[in-house]
**Student:** 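Next up is a structure, given as structure tokens.
Keep in mind the model is a prediction, meaning the values are calculated, not measured. Chain identifiers are assigned alphabetically (A, B, ...) following the order of the sequence lines, protein sequences preceding nucleic acid strands; residue numbering begins at 1 within each chain. Hydrogens, waters and symmetry mates play no part in the numbers below; they use all other heavy atoms, side chains included.
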2 protein chains.
Amino acid sequence: MRKVDPEKHAARRQVIVDAAIACFARKGFHGTSTAEICAEAGMSPGNLFHYFPTKHAIITAIVEEERQETAEFFRELHESPDLFAALLGFMDVVLGLAADPVYSSLALEIAAEAMRDEHIGELVAANDAELRAALSALIKAASGRGQIDAAIDPEAGARWIAAIIDGIFGRIAVDPGFKPDQERPMMHLLLTRFLCPKP
Amino acid sequence: MRKVDPEKHAARRQVIVDAAIACFARKGFHGTSTAEICAEAGMSPGNLFHYFPTKHAIITAIVEEERQETAEFFRELHESPDLFAALLGFMDVVLGLAADPVYSSLALEIAAEAMRDEHIGELVAANDAELRAALSALIKAASGRGQIDAAIDPEAGARWIAAIIDGIFGRIAVDPGFKPDQERPMMHLLLTRFLCPKP
DNA sequence: TATTTATTCGAGTAGTCAATCTAATAATTT
DNA sequence: AAATTATTAGATTGACTACTCGAATAAATA
């Protein structure tokens with residue numbers, strides 16, 4: 001008999017996911033047909049539905065991919081000697097991602113879909129909880145070293161930093177004058193004033 | 001002959017717009033069919049398309065309605081003696097709107113659609129420019145009275161306040177622990193530290 | 001009252017949708 | 001080589017789409 005090669009299988013799925021990301025960023029989840037994804041991936045619908053049972057499952061896979069990427073990023077972050085600089089560095093990365101229109105479109109699309117589809121909503125909420133937990137841990141540690149004002153509750157602070165992240169993607173959508181690479185100083189000012197201990 | 005009564009005509013359009021808002025908030029622009037809007041509005045498709053030439057035109061009308069509402073709100077704001085308090089007050093209103101899931105869903109949906117549809121994108125960008133101009137004027141005036149740090153460029157400051165507004169709606173979508181009415185103090189702290197002059 | 005025209009209805013149109021089915025091919029194991 | 005099964009294609013399905021059409025009704029003017 002023949003067995004499924006997990007690596008090839010995963011690689012083929014990735015082709016579909018990447019094609020879907022490109023399409024979804026352009027036209028949204030409900031604006032793109034499975035036929036379009038097939039064309040972008042260079043395969044037949046029969047084949048596409050061999051790897052994913054439904055269109056919805058493709059969306060799910062994209063959200064899961066997002067989760068792994070952010071988790072991986074935070075894994076490296078905690079050993080930094082200057083934790084506040086690490087936080088600013090992370091936010092710089094976010095600003096960099098926002099400069100990519102594909103990433104931004106997708107982020108907004110996922111947020112909008114989270115409000116409509118219960119299942120996607122749960123996945124996205126879990127992702128967000130993970131992000132906030134990492135931010136919160138970072139703030140707590142920095143607070144212990146006197147780098148962040150102890151008056152800021154780590155969880156509440158993380159919540160508003162997450163809001164600022166969301167806001168950055170929102171700017172991309174509606175404000176053509178918002179150029180991520182030029183906004184770094186103002187973002188640093190905002191974060192520093194919000195978080196740093198008063199002299 | 002008989003002439004079209006503009007008031008009745010407008011009222012009838014409003015029925016459709018309201019129905020569409022309810023549907024769009026639930027399932028998104030591309031997730032709701034015109035038949036669903038008809039059902040929600042209690043009318044036939046023939047009738048609905050008598051008032052709007054396309055589904056797209058209904059979306060346009062919603063964005064326009066949004067514009068008028070924010071413009072109206074700012075018209076009252078400028079005579080306040082305490083301009084910084086006026087700004088905080090406006091942000092409290094935003095937080096109140098965010099507590100309404102219909103309004104939040106729609107805000108996210110519109111932002112996502114702005115990235116896909118060029119026409120909607122332009123309308124939304126114009127709305128946003130108007131909002132930022134109002135915020136910027138407020139900051140400038142408050143800066144003149146010494147209520148806001150003169151080091152903050154009004155336009156840049158307005159841009160990041162707009163980002164925080166976007167972020168609030170983002171939180172609603174992905175963070176079930178974000179309760180608008182409990183987040184007021186932290187939002188005030190964030191804005192105060194960001195904007196107020198150092199002692 | 002007669003005429004004009006705005007408003008309303010709902011069946012109908014051409015086309016698109018996600019997903020399925022059948023069948024052929026390719027790769028792996030025995 | 002034979003058997004098994006993963007992979008692929010592409011035509012097909014029936015439900016659904018935005019929107020139109022022709023006809024009927026209702027209201028307002030002359």
**Student:** Quick check on contacts: within residues 44-54 of chain A, what sits under 4.0 Å from DNA chain D by heavy-atom distance?
**Tutor:**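 A:Ser44, A:Pro45, A:Gly46, A:Asn47, A:His50, A:Tyr51, in order of number.
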**Student:** Output yes when a side-chain donor or acceptor of B:Ser80 lies under 3.5 Å from a complementary backbone atom of B:Leu83, and no otherwise.
**Tutor:** no
**Student:** Is the shortest heavy-atom distance from the side chain of B:Ile152 to the side chain of A:Arg193 under 4.5 Å?
**Tutor:**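 Side-chain contact under 4.5 Å: yes.
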**Student:** Rounded to the nearest Å, what distance is computed from the NZ atom of residue B:Lys8 to the P atom of nucleotide D:dA26?
**Tutor:**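 Going from NZ in B:Lys8 over to P in D:dA26 covers 13 Å.
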**Student:** Mind checking what makes ring-ring contact (aromatic ring centres under 6.0 Å, His included) contact with A:Phe52, not counting sequence neighbours?
**Tutor:**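 If we apply the ring-ring contact (aromatic ring centres under 6.0 Å, His included) test to A:Phe52, skipping adjacent residues, there are no hits.
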**Student:** Send over the distance from B:Ile16 CD1 to D:dC19 P, rounded to a whole Å.
**Tutor:** 13 Å
**Student:** Any ion pair linking B:Lys27 and B:Glu36 (charged N to carboxylate O, less than 4.0 Å)?
**Tutor:**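 The answer is yes: the pair qualifies as a salt bridge.
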**Student:** Phosphate oxygens OP1/OP2 of D:dT7: is one of them under 4.0 Å from a side-chain N or O of A:His9?
**Tutor:** yes
**Student:** Salt-bridge test for A:Asp92 and A:Arg184: reply yes if a basic N is under 4.0 Å from a carboxylate O, no otherwise.
**Tutor:**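 Answer for the salt bridge query: yes.
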**Student:** What is the distance from CZ of B:Arg13 to P of C:dT7, rounded to the nearest Å?
**Tutor:**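 Atom CZ in B:Arg13 sits about 12 Å away from atom P in C:dT7.
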**Student:** If you take atom types as modelled and just measure distance, does the side chain of B:Arg2 reach the base of C:dA6 with a donor-acceptor pair under 3.5 Å?
**Tutor:**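 Yes, the side chain and the base share a sub-3.5 Å donor-acceptor pair.
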**Student:** Scan residues 21-40 of chain A against DNA chain C and write down, sorted by residue number, each residue with any heavy atom closer than 4.0 Å; if none is found, say none.
**Tutor:**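 Heavy-atom contacts with DNA chain C come from A:Thr32, A:Ser33, A:Thr34.
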**Student:** Between the side chains of A:Asp128 and B:Arg171, is the shortest nitrogen-to-carboxylate-oxygen separation below 4.0 Å, so that they form an ion pair?
**Tutor:**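 Salt bridge between B:Arg171 and A:Asp128, a charged N being under 4.0 Å from a carboxylate O: yes.
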**Student:** Under 4.0 Å from OP1 or OP2 of D:dT8: is there any side-chain N or O of A:Arg12 that close?
**Tutor:**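 Answer yes for this pair, as a side-chain N or O of A:Arg12 is under 4.0 Å from OP1 or OP2.
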**Student:** If you assign each of B:Asp5 and B:Lys55 to its closest nucleotide in DNA chain D, which residue comes earlier from the 5' end?
**Tutor:**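 Here B:Lys55 is the residue nearer the 5' end.
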**Student:** Between A:Ala99 and A:Pro101, which heavy-atom pair has the shortest distance, and what is it?
**Tutor:** O-CD, 3.2 Å
**Student:** For a ring-ring contact (aromatic ring centres under 6.0 Å, His included) check, start with the C-alpha distance between A:His9 and A:Tyr51, then their side-chain angles and the critical distance, and finish with the verdict.
**Tutor:** CA-CA 8 Å; A:His9 197 82; A:Tyr51 289 96; 4.9 Å; yes
